[in-house]
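Just so it is clear, the model here is predicted, and its values are computed rather than measured. Throughout, a chain's letter reflects where its sequence line sits, starting with A, and its residues are numbered from 1.
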There are 2 protein chains.
Amino acid sequence: MGAVRPVSPGIGKFTPQPSGLHDTSFPDMTTQMMIELIAVLTAVRDDVPQVMTIDHGRLLPSGPLESTHRSLQAGVRAWVERQTGHPIGHVEQLYTFADHDRLLATGQGRLIAISYLALTRSHAGETGWRDWYDYFPWENTKTDAGRDCLAIIERLLCRWVADMDNAAARVRQWQRCVTLFAIGDMVAWNDELVLQRYELLYEAGLVAEAGCPPEDAVPGQAMHHDHRRILATGMARLRAKIRYRPVVFELMPEEFTLLQLQRVMESLSGVQIHKQNFRRLIMQQQLVEETGGIEENTGGRPARLYRFCGEVRQARQFVGTKIPLFQP
Amino acid sequence: MGAVRPVSPGIGKFTPQPSGLHDTSFPDMTTQMMIELIAVLTAVRDDVPQVMTIDHGRLLPSGPLESTHRSLQAGVRAWVERQTGHPIGHVEQLYTFADHDRLLATGQGRLIAISYLALTRSHAGETGWRDWYDYFPWENTKTDAGRDCLAIIERLLCRWVADMDNAAARVRQWQRCVTLFAIGDMVAWNDELVLQRYELLYEAGLVAEAGCPPEDAVPGQAMHHDHRRILATGMARLRAKIRYRPVVFELMPEEFTLLQLQRVMESLSGVQIHKQNFRRLIMQQQLVEETGGIEENTGGRPARLYRFCGEVRQARQFVGTKIPLFQP
DNA sequence: CTCTTTATGCTCATATTGAGTATAAGCCAA
DNA sequence: TTGGCTTATACTCAATATGAGCATAAAGAG
């Protein structure tokens, strides 16, 4: 296959000279190389987190880096906004992949995939949106369906480790299963380990992407290539981020009740939150202010409407949001 | 200049077909493209955080992606270990840059830079190591030199905003200065905002990389290209990470006293820590265990030696380390 | 009018954290 | 040898944060 560079620059051990990379003259050291931009575009609809897909839910929206894009971030932003018609509040880079199993079809050169997490607000009547938990049902620990799925996984993982020849590996891998899936209540469930859990299932051959026949696989829809893995990366990032940065508001409508906000946080993290404590924490951080409006259709007493504080956003841009996420 | 791809694949709005990217046949849609790997390799020596450099401290170690590398991570790891001779405990991706101002010298194609943070232990007698704070003296808020530097920056930033024509911009930018540099004690200093502070100084034209003459620049050594910016990214990542993951131990020797551990944390974050509370927190998390050894040369009462808990490392891999970092 | 539902205000025990006091155990110089 | 200096280590205490629950308010349904 085509070498990325004919000769390694051979940076000697601690040599003070700059590597050839930084010479002003630069001959034809380039190679066939494809840069793909992949977006995990997330929105929340009816308290359900969703992801934008193409190809009947089998692929994340993705396309090549174009020469008109001023930067990677600008490329993803422009391109995603063109697709959704909505301004994107938040775009951040997730990860860059370049493994050998992602070769160009010619067999020449490499495919580099740069993935991004993007958040948007509403998307009424648009197609292509799928629920997060269609792909990762076991991550929805808030629901019975999620708990059922976890029970299945527990059984399958148990069989996987039992079939191992090496006793030491058996102990080590079972330890890993227990930690990641909170088996037996020895460890608490950690909602941020979406990627690690998916990778364990992949290694155990329990997902279709690992070449496992559908009837042996864990519940959850598969995707082409490693797109489900990239979705897992995005979910993990968002779950981590909502704990210490006010990014949830990028997903909320202009006005919302505190219970709506709580439901969004719960569905994103898949974890229950104590209502009164949640209110206390949100209020004391002064991230929201009353709009004066009232939401009537609550099914009970009407609720006050709030909006995200714009002024505070400026100053508190880097101040953490503390969200009380605990286990039921 | 050379187009990344002759024709955009034109993914229609929510079209169910996969983008052309994923077709099995893939003609010559590649282009001249250069992938550069850049490492922010950090170690701590005599309680001073250091970074590995080449070209007399003007460049971070960097080299092209080679076809022999199985993956990006493997490439960085193999290549860095070849240079330092030490095994790298921790390698993580930082960020991928691909801006138009980083073109190949031919003017054809784009330069993609993928940066990594790497940690290593000791490096006795090796050249190329430079102190973090040679490049970012204002980040060393623990020392008088750092505070002096901050005072200079405060004056320069004040002049920068005062010279602005637009009153609204003046207010907004001054608000930004106050937030990022904790001017006037309105906001607490946030040690994780290394990158944001550097970017503000860059925008204000106060660093040499922004084309500012050396005599007008803020103290601190400049680097070629955007390498100082990448270093800032790495410092910020490490400062954030040591708060909730036990990565410090990758930088510590096999055995250490609790004060040594504290000093490393302090010098990494540039922030003072209350000694007794630090001990309490480290001990109660059971991340370390006594080796039985004693360190005599403390200048006072001898101190017990500890090591990082290996067994716990496995189970607690994802459990956070809580480090009490506060302001003096 | 009562029951159900959600909203919102308030209490209380416990855990965590910031800060300080007290004592121990080494070295060194007078 | 002793007093003074240094660092190590053990506790204490107050302020705050957090987890959990009780109580009341205000709507609609029957």
Nearest-neighbour nucleotide for the Arg279(A) side chain, dG19(D), dA10(D), dA7(C) considered
dA7(C)
Using a 6.0 Å cut-off, check whether atom CD of Glu290(A) has over 12 heavy atoms from anything other than its own residue.
yes
So does Asp191(B) pair up with Arg243(B), basic N to acidic O under 4.0 Å?
yes
Using a 4.0 Å cut-off on heavy atoms, which residues in residues 297-305 of chain A reach DNA chain D? List them by number, or say none.
Gly300(A), Arg301(A), Pro302(A)
I need the NE2-P distance between His274(A) and dC12(C), as an integer number of Å.
16 Å
Tell me if the CD atom of Glu295(B) is crowded by more than 12 foreign heavy atoms within 6.0 Å.
yes
Without decimals, in angstroms, what is the distance between Ile273(A) CD1 and dA20(D) C1'?
15 Å
Overall bend - the helix from dC1(C)-dG30(D) to dA30(C)-dT1(D), comparing terminal axes fitted on five pairs, nearest 10 degrees
10°
Mind calculating the distance between CG (Leu281(B)) and C1' (dA15(C)) to the nearest angstrom?
13 Å
Which part of the nucleic acid, if any, lies within reach of Leu258(B) when heavy atoms closer than 4.0 Å are counted: base, sugar-phosphate only, or nothing?
nothing
Separation of Gln276(B) atom CD from dA14(D) atom C1', in whole Å?
16 Å
Between Glu192(A) and Arg237(A) (salt bridge meaning N to carboxylate O under 4.0 Å), is one present in this structure?
no
Begin with the C-alpha distance, continue with both residues' side-chain angles, and end with the deciding distance and a verdict on side chain to side chain donor-acceptor pair (under 3.5 Å) for Asp131(A) and Gln50(A).
CA-CA 4 Å; Asp131(A) 287 5; Gln50(A) 299 189 310; 3.0 Å; yes
Does atom CZ (Arg130(B)) have a neighbourhood of more than 12 heavy atoms from anything else shown, all under 6.0 Å?
yes
Counting the atoms with a prime plus P, OP1 and OP2 as sugar-phosphate, which does Glu296(A) contact under 4.0 Å by heavy atoms, base, sugar-phosphate, or nothing?
nothing
Closest nucleotide of DNA chain D for Arg280(B) versus for Lys275(B): which of these residues is on the 5' side?
Lys275(B)
Who pairs with Arg301(A) by side-chain hydrogen bond (donor to acceptor under 3.5 Å, both in side chains), at least two apart in sequence or on another chain?
none
Given the ring of Trp189(B), does Arg239(B) sit roughly above its face, with NZ or CZ under 6.0 Å from the centre of the six-membered ring and within 45° of the axis?
no
Apply the test side-chain contact (heavy atoms from CB on, under 4.5 Å) to residues Thr141(A) and Arg147(A): give CA-CA distance (whole Å), side-chain angles for both, the deciding distance (0.1 Å), then the verdict.
CA-CA 6 Å; Thr141(A) 44; Arg147(A) 276 186 290 273; 5.5 Å; no
